Chemist: 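Just passing along the structure, written as structure tokens.
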Amino acid sequence: MTQTTRPSPISVNNLNMRYQYKPVLTDVSFEIPEGKTIAIVGPNGAGKSTLLKGIMGLEPLMEGEVKFFGEPLAQKRLATAYVPQREEIDWDFPIKVMDVVLMGRHGQLKLWQRPSKLDHEIAEQALKDLQMWEFKDRQISQLSGGQQQRVFLARALAQQASLYLMDEPFAGVDVATEKAIIELFKNLKAQGKTIVCVHHDLNTVGEYFDWIIFINARLVAAGPVESVLTKENLNKTYGGRLSLLNDLTEQMYRTRLNQAHKHD
Amino acid sequence: MINDVWILATASLVAISCALVGVFLILRRQALMGDAISHSVLLGIVLAFLISESRSLPVMLAGAVIIGLITAWLSDTLHKVGKLQSDASIGIVFTLFFAIGVILISLYAGQVDLDQECVLYGEIAFVPFDTIIWGSSEQGLDIGPRAFWMISVVFVIVLASILVAFNRLQTVAFHPSLALSLGINVVFWHYFLMTLVSLTTVASFDAVGAILVVALLVIPASSAYLLASTLKNMLWLAVIYAQSAVLIGYALAYALDSAISASIAVTSGVLLGLTILGLQVHKIRLRRQGKATLLEKA
């Protein structure tokens with residue numbers, strides 16, 4: 001295995017972020033393993049999306065450093081695909097599904113170049129992987145929420161990155177899309193690719209992800225699901241809202257138990 | 001007769017250039033920025049004239065671009081550093097620049113070949129009388145109106161920019177963060193678009209003035225936005241709306257013996273109104289059909 005010698009897909013060192021003088025994230029440091037699905041989990045306003053945006057260089061860092069495979073982001077831009085939150089997208093924009101997916105190829109093209117036949121084939125495959133090929137000529141406003149999410153996942157896929165950063169891909173999607181995303185995760189993992197998601201659903205986190213980063217303005221814990229998905233970490237992360245969580249934690253133990261049995 | 005041709009050609013190029021640039025302003029939700037730049041370029045023109053004492057095309061275009069970019073930058077800075085609302089900061093900057101321009105014109109009225117009314121409203125009917133003479137002033141060749149050549153140059157620049165940078169402009173307009181994550185320099189493309197807006201508005205000045213140019217930037221592009229399913233589509237529709245407004249508006253002005261540029265602006269407004277009306281009727285009809293089929297099924 002050469003994996004141990006390769007630098008981590010993302011290593012965050014002493015990251016500090018503020019929003020108009022208010023500290024949002026303080027002293028966050030972690031490293032993630034390659035070829036795993038990783039969830040960023042925490043209560044509302046804990047800074048999950050901010051962390052993702054800070055890592056991607058979309059919002060300024062007050063302090064700290066992020067390395068991608070041991071290098072600064074500028075060197076690894078195209079190896080890193082970003083899927084923004086669904087609410088942050090202008091769904092009335094006059095653009096067709098195929099053109100959105102082809103955007104995943106634009107990073108590789110020079111200013112004056114048009115997508116080649118190969119680029120179109122890659123985009124086609126990405127759409128087929130997410131069962132969206134028949135919608136290729138639809139305007140994005142004419143899709144359901146789940147279909148819209150799949151278009152953006154196809155765009156990320158067409159970028160052929162080695163690291164995927166997604167902001168709440170499971171939020172408000174239908175069952176078919178949820179299944180499609182899980183299938184996508186499996187395929188990407190089989191190719192040794194790394195997936196980092198902001199995730200809000202504690203019921204599914206143990207099932208969908210290999211690794212968890214607990215965030216609440218600071219790093220609470222980061223590690224494999226088996227060792228960090230504990231009552232103690234949940235208490236620390238969700239603090240005051242614990243009473244609401246008791247049921248959830250119980251449920252989670254059960255899913256973990258079920259999983260453990262599945263692996264047997 | 002030949003004057004009519006010059007006027008129509010100039011008006012068409014002005015309207016089409018404005019419509020093309022306007023599409024990107026609308027999609028980026030920066031219509032107000034178009035308003036701002038169209039006013040503050042006045043200061044650019046006056047300053048360029050006072051400093052260089054020349055009315056040559058490159059000087060005018062350069063003056064407008066510099067002031068246009070300063071307007072965009074200063075509005076942004078006021079918003080970020082001064083913590084003012086972004087629309088408030090735009091309003092502050094461009095009115096200030098415009099007012100300074102007006103003061104400079106009245107101070108140097110004798111030297112500046114611009115009067116305040118012409119700046120505000122433009123007069124496309126006078127366009128044919130201000131021509132460029134190629135060669136010496138006595139024996140040179142009259143190659144046609146200044147305004148026509150100025151907007152021709154700008155039209156070629158706008159068209160070439162869109163043709164070459166179509167994908168970049170599309171991605172940046174669609175989702176700036178996504179564009180950034182693909183390594184596209186979003187700030188550069190923002191100021192590039194502002195440059196195109198400055199060039200277009202300054203070249204439209206003689207023809208339609210600072211106020212009506214806003215109508216041409218915003219209205220045809222908005223009409224196109226209502227109908228378009230792709231960006232390419234929207235650009236074509238905006239051009240068709242702009243050209244129709246010019247032709248109908250010119251006929252209207254001829255029939256009523258009224259101001260040409262105002263008639264063009266009013267016509268594009270009417271076309272937008274008709275588009276909205278048509279879409280509403282279509283929607284109601286669809287709903288009725290939907291109900292009818294539901295009833296049939298029941």
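Computed from a predicted structure; not experimentally measured. Convention: sequence-line order gives letters A, B, ...; per-chain numbering from 1.
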Chemist: State which residues pass salt bridge (charged side-chain N to carboxylate O under 4.0 Å, His left out) with A/Glu124; sequence neighbours excluded, sorted by chain then number.
Modeler: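 Checked A/Glu124 against salt bridge (charged side-chain N to carboxylate O under 4.0 Å, His left out); matches are A/Lys128.
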Chemist: In chain order, what residues pass the salt bridge (charged side-chain N to carboxylate O under 4.0 Å, His left out) check against A/Glu134, with sequence neighbours excluded?
Modeler: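 Scan of A/Glu134 (salt bridge (charged side-chain N to carboxylate O under 4.0 Å, His left out), adjacent residues dropped) gives none.
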Chemist: For B/Leu180 and A/Gly57, work out which heavy atoms get closest and say how close.
Modeler: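 Result for this residue pair: CD2-O, 4.0 Å.
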Chemist: Quick one: closest heavy-atom pair of A/Pro94 and B/Ala228, and the distance?
Modeler: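 Shortest heavy-atom separation between A/Pro94 and B/Ala228 comes out as CB-O, 3.8 Å.
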Chemist: Which of the residues A/Leu102, A/Ile89, A/Leu165 is involved in the greatest number of heavy-atom pairs with chain B at under 4.5 angstrom?
Modeler: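 Between A/Leu102, A/Ile89, A/Leu165, the count favours A/Ile89.
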Chemist: Could you look at A/Leu78 and say if it's the side chain, the backbone, both or neither that has a heavy atom under 4.5 Å from chain B?
Modeler: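 Just its side chain gets close to chain B.
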Chemist: Below 4.5 Å from any heavy atom of chain B, which atoms of A/Met56 appear? Answer side chain, backbone, both or neither.
Modeler: side chain
Chemist: Check each atom of B/Ala179 against the heavy atoms of chain A and say whether the ones under 4.5 Å are side chain, backbone, both or neither.
Modeler: neither
Chemist: Name all residues meeting the salt bridge (charged side-chain N to carboxylate O under 4.0 Å, His left out) criterion together with A/Lys67; count only those two or more places apart in sequence or in a different chain, and write none if there are none.
Modeler: A/Glu65
Chemist: Might you point out which heavy atoms bring B/Ala165 and A/Leu111 nearest each other, and give the distance in Å?
Modeler: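 Of all heavy-atom pairs spanning B/Ala165 and A/Leu111, the closest is CB-CD1, 3.8 Å.
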Chemist: Under 4.5 Å heavy-atom distance to chain B, tell me which part of A/Val83 shows up: side chain, backbone, both or neither.
Modeler: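 Neither part.
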Chemist: Does any heavy atom of chain A fall under 4.5 Å from the side chain of B/Ile184, the backbone, both, or neither of them?
Modeler: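 When you check distances to chain A, no heavy atom of B/Ile184 falls under 4.5 Å.
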Chemist: For a quick check, list the donor-acceptor atom pairs closer than 3.5 Å between chain A and chain B, or say none.
Modeler:
| unit_1 | atom_1 | unit_2 | atom_2 | d |
| --- | --- | --- | --- | --- |
| A/Arg77 | NH1 | B/Leu180 | O | 3.3 |
| A/Glu88 | O | B/His175 | NE2 | 3.4 |
| A/Asp90 | OD1 | B/Arg29 | NH2 | 3.3 |
| A/Asp90 | OD2 | B/Arg29 | NH2 | 3.1 |
| A/Pro94 | O | B/Leu231 | N | 2.9 |
| A/Ile95 | N | B/Ser229 | O | 3.2 |
| A/Leu109 | O | B/Arg168 | NH2 | 3.1 |
| A/Arg114 | NH2 | B/Leu163 | O | 2.4 |

Chemist: How far does CZ of B/Phe174 sit from CD1 of A/Ile140, to the nearest 0.5 angstrom?
Modeler: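 Spacing of CZ (B/Phe174) from CD1 (A/Ile140) equals 4.0 Å.
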